[in-house]
Amino acid sequence: MHEVIICEKPKSSEKIAGALFPDAMKKKHGKVSYWEHVEGDKRVTIVSAVGHLYSLRPRQSNEEHFFDLEWAPIYEIDKKKGYVKDYLNVIRKFAAGADRYIHACDYDIEGTLIGFNALKYGCGEEALRKTSRMKFSTLTREEIKRAYQNPIEVDYGQVDSGAARHILDFIFGVNISRSLMKSVKAATNRFIKLSAGRVQTPTLAILVEREKEIRDFKPVPYWIIRAELGEGIIAESKRGKIFKRELVDSILEKCQGSDAEVKDVRVRDTIRKPPVPFDLGTLQSEAYRVFGFSPKKTQTIAQNLYTEGYTSYPRTSSQKLPESIGYEKILKNLAKNPRFGVHIERLRGPLKPHEGKKEDDAHPAIHPTGLLPSELSKDEKKVYDLIVHRFISVFGEDAILQTMKVELEIGEEEFSFSRKRVSKAGWMESYPYTKMEDEEFPEISGGDSLAVRSVSADERETKPPARYNEASLIRELERRGLGTKSTRADIIAKLYDRKYIEGKKIRVSPLGENIIDTLTRYCEKITSEELTRQFERELEDIMRGKISKDRVIDEAITEVRSILSDIEENLRDIGKELYRAYQDSRVVGECPACGGKLVIKYSPRNRSTFVGCSSYPDCRTVYSLPKGASVLKSLCEKCGLPMISYGRPRQRACLDPKCGKKKSEVEEVVGKCPECGSDLIKRSGRYGEFVGCKGFPKCRFTCSVDEVPEG
DNA sequence: GCAAGGTC
C-alpha cells in the first residue's frame, strides 16, 4: 500500500513528516526534499508543492479576447518560476500512481486549490478519487497527528471557489488590460504596458482621490497664540486654532503687560504597554518608518531570513505568540549574542508576551527562531535586529511616561504647556527604535507668577490631507480588505512600474489619473472595492453550493464582453487620451534649447533611459542618465533643469552634468580613441586646447582638436 | 505583454 501526503510548501512538509513519522527517511531529488517511510507493507511518501504549481493561460492565444482558459504548469507561463519545475517533477515521479492520497495543504481556499491541482494534473485525475483531506490550523505535532487520524473529504466547494477566483481575476484583469493597450496601439501604433485589475485599480483610485483632495484643497490661514516665558518654556493659548484676525488682535492686547499666573500643575503617570509582535503588515510599516525600506524590500528580506531559518514564516497576519513556540529556548539561544543578551537578562519571568488583536490560523507572529545568523547583508541585519528587539521587548515590563501639564493665565487668557519624560523605561530599553521622551520638568507650582517675555501670534495655514507613502497605503489596503498580506507590496510596486504613481510621498501621474478616468467611464466597478465585494459574495455562494462555478463565470464573461465592446466603440479616442497622459507623465522639465518639453525616453539599442526633447528630430537636446537614476521634481537652482538622484548611496545632481562646473572640468567627448577604444576628451593644456584619451595615463594618445579621428 | 494569488 502506497500512501502519498501532499503539502503546500517545503516547510510544512518537513513539519508534517516530522510529526507523523519521526523516523522517515529524508530524501533529495535535485534540490527538492521529500520523505519516505515504510511500516510493514505500508509505504508513505511525503511531497511538497511550492504554492501554486499551476496557473491559468488562454487555451487559444490568438483569440481576440481570453475567455477560454486552461491550467498549465506555472513554469511554462512565467519564466521566473523555473524552480517550480523541480518540485512538480518530484510529485510526478514519486507521488503518481499511489493507492491513497492525503491532501495536507493549508486549510483555506487557495490551499485547497493548490493541492487539488497538484493531484489532478501532477498525479493524474484518478488520484482525486483516492484522496482524503487533513484539516489543521497550526502545524503543531499534536494537531498534525489529530488531523492525520481524522481525515475528512476534500471540500469541492472550496476547490470551485478557488478556481473561480483565479478565472474571474484573469477574465476581468487580463482582458481589460489588453483592451487598454490595444486602444493606444490603435490610436498611435505604439505600445505602452498598461494594466487594470480587481485590486490594483481600486488601489490606484484611492491614490487618485487623495490627489484630487490635495489639488482642490484651499488653505485657510489661522493663528496660534504663543507666550514665551523664558527657560525655553513656550505656552500656547488653549483656544487652539483661531481663524479670525480680529480675535487674535484683541487677545494679544489683553495679554499685554501681564505676568503669567500658574493656575494648575498636574503630573501624571501613564503606562506605555510594550509593542505587539509583528505581523507582516506591521513589520513592513516599522521597517519603512525606521529604515525607509519599501514594503517589498522588507518582505523579500523577511522571506530570506525565514528560508535561512533565522526567523519564522513572514506571510502571517497574526500578532500572537503561542507558548508552543518555546519562548525560553528562543531567548536562551538569542542571549548567546551579547548584543541581545543584555536585553534578555532584564526580562523577569513568568514570560508573557503582550499580544495584539490580529490572528492567523496558520501561523504565529513573526519571531526569531533562536538560530543566530552567521552572515547577513547590512540590510538583512537591520531587519533581523528589528525582529529580535521587537520579540524581546514584547516580553518586557510596561514603561511609565510622566506627563506634566501646566495651566496658566495671562491677562485672563488661558494658556498651557506640557512636558513629557519616561520615568521607567521597561521594554523601551530593549527597543531602540522608539523615541524616549526626556524633557526637563520646570520647578513650578500653583500660584506662582512667571514673567512673560512676549506673546505673539503664529500665522499658519490649514494643510491638505497628507499623501500616502507605501507603508500607509499598505495599512489602508488592509483596512479595506483589498489584496492579501502577501500581495499588497507587489501591487504597489506594480503601480510604480506602470508609471501610474511616483515618489516616496506618492503622487499620481497624469497617466494614472487617466486610467482611472477612462475606467470610471467604461467599467466603474473595477475602480472601486465593489468588485472585490462581489467576488467575495459569489465565492461564498459557490463554496456553499448555492450557485455553480460555471454560472458565475458565464455571467462574468457576459459582463466583461459588454465592457470590452463599449471600449471598442471609442477605441481610438481612449487610446489618444491615454497616450497623451502617458506623454505628460514623462515630462520632466523644459528644454533649454527650444523651450519644448523634456521627456524621459528609452533607447532600446542601448537598453537605457535618457532625457530628450519631445520636439525631436527638430530639437536634438539630450541628457544621458546614470544607471538606476531617477529624475526628481525639484529643479536645479543654477540652471532650472530638473535634479536627478543616482548611485548608492543616493546622490543628487543637476540633470546637466556640465552645470556648475568650470569649463576645464567639463568633459566633452569628441570621438573614440583609435588605440584603446575609450572616449576622446577635449582638454585644455598649457598651449591651448587639445584632445586626449580618457584612459590617460594608461593610454597616452593625444591629437590636436582638428585632427580627431573619424568614427 | 495583460491579474491576483500561493511560495522559494
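Just so we're clear, the structure is a prediction, and the values are computed from it rather than from any experiment. Letters go in sequence order (proteins before strands), and every chain restarts at 1.
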So, is the end of the R210(A) side chain (NZ or CZ) under 6.0 Å from the ring centre of Y468(A) and within 45° of the ring's axis?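 That pair qualifies as a cation-pi contact.
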Cation over ring, K297(A) on F291(A), under 6.0 Å and within 45°?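 Geometry flag: not set, cation outside 6.0 Å or 45°.
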Could you tell me how far apart [X] ([atom1]) and [N] ([atom2]) are, to the nearest whole angstrom?
X       : N      : atom1 : atom2 : result
I77(A)  : dT7(B) : CD1   : P     : 18 Å
E110(A) : dG5(B) : CD    : C1'   : 5 Å
R498(A) : dA4(B) : CZ    : P     : 9 Å
R165(A) : dG5(B) : CZ    : P     : 6 Å
K494(A) : dG5(B) : NZ    : C1'   : 10 Å
L477(A) : dA3(B) : CG    : P     : 16 Å
L69(A)  : dA4(B) : CG    : P     : 15 Å
K485(A) : dT7(B) : NZ    : P     : 8 Å

Taking only side-chain nitrogens and oxygens of [X], does any of them come within less than 4.0 Å of OP1 or OP2 of [N]?
X       : N      : answer
S195(A) : dA3(B) : yes
Q200(A) : dA4(B) : yes
Y54(A)  : dG6(B) : no
S486(A) : dG6(B) : yes
Y306(A) : dT7(B) : no
R488(A) : dA4(B) : no

Which nucleotide sits closest to the side chain of [X]: [options]?
X       : options                : result
V199(A) : dA4(B), dA3(B), dG6(B) : dA4(B)
D106(A) : dC8(B), dT7(B), dA4(B) : dT7(B)
I74(A)  : dC8(B), dA3(B), dG5(B) : dG5(B)
R315(A) : dA3(B), dG6(B), dC8(B) : dC8(B)
S55(A)  : dA3(B), dG6(B), dC8(B) : dA3(B)
I491(A) : dC8(B), dA4(B), dA3(B) : dA4(B)
Y87(A)  : dA3(B), dC8(B), dG5(B) : dC8(B)

Any chance you could measure S509(A), atom OG, to Y500(A), atom OH, to the nearest 0.5 Å?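 Answer rounded to 0.5 Å: 9.0 Å.
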Between V174(A) and L482(A), name the one whose nearest nucleotide on DNA chain B is closer to the 5' end.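 Its nearest nucleotide being more 5', the pick is V174(A).
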L53(A) or R178(A), whichever maps to the more 5' nucleotide of DNA chain B: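 The residue whose closest nucleotide sits nearer the 5' end is R178(A).
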With a 6.0 Å cut-off on the ring centroids, do Y107(A) and F136(A) count as close?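 Ring centroids of Y107(A) and F136(A) are no less than 6.0 Å from each other.
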Base, sugar-phosphate alone, or nothing: which one does [X] contact when heavy atoms must sit under 4.0 Å apart?
X       : answer
Y313(A) : sugar-phosphate
T484(A) : sugar-phosphate
A196(A) : sugar-phosphate

Is there a side-chain contact between V508(A) and L495(A) in this structure, where contact means two heavy atoms from C-beta onward sitting under 4.5 Å apart?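 No. Closest side-chain heavy atoms not under 4.5 Å.
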Taking the side chain as every heavy atom from C-beta outward, state whether I102(A) and I6(A) have any atom pair closer than 4.5 Å.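 Answer no - side chains too far apart.
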Taking ring pair (Phe, Tyr, Trp, His ring centres under 6.0 Å) as the definition, give me every residue that meets it alongside Y148(A), ordered by chain and number, with sequence neighbours left out.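 Per chain and number, Y148(A) pairs via ring pair (Phe, Tyr, Trp, His ring centres under 6.0 Å) with F21(A).
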Minimum heavy-atom distance between L283(A) and A302(A), given as atom pair plus value: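 Where L283(A) meets A302(A) most closely, the heavy atoms are CD2-CB, 4.1 Å.
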Tell me, which of residues 512-532 of chain A have any heavy atom that sits under 4.0 Å from an atom in DNA chain B?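 Within this stretch, nothing sits under 4.0 Å of the strand.
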With no hydrogens and no angle check, do the side chains of E568(A) and S179(A) hold a donor and an acceptor under 3.5 Å apart?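 Per modelled atom types, E568(A) and S179(A) side chains form no pair under 3.5 Å.
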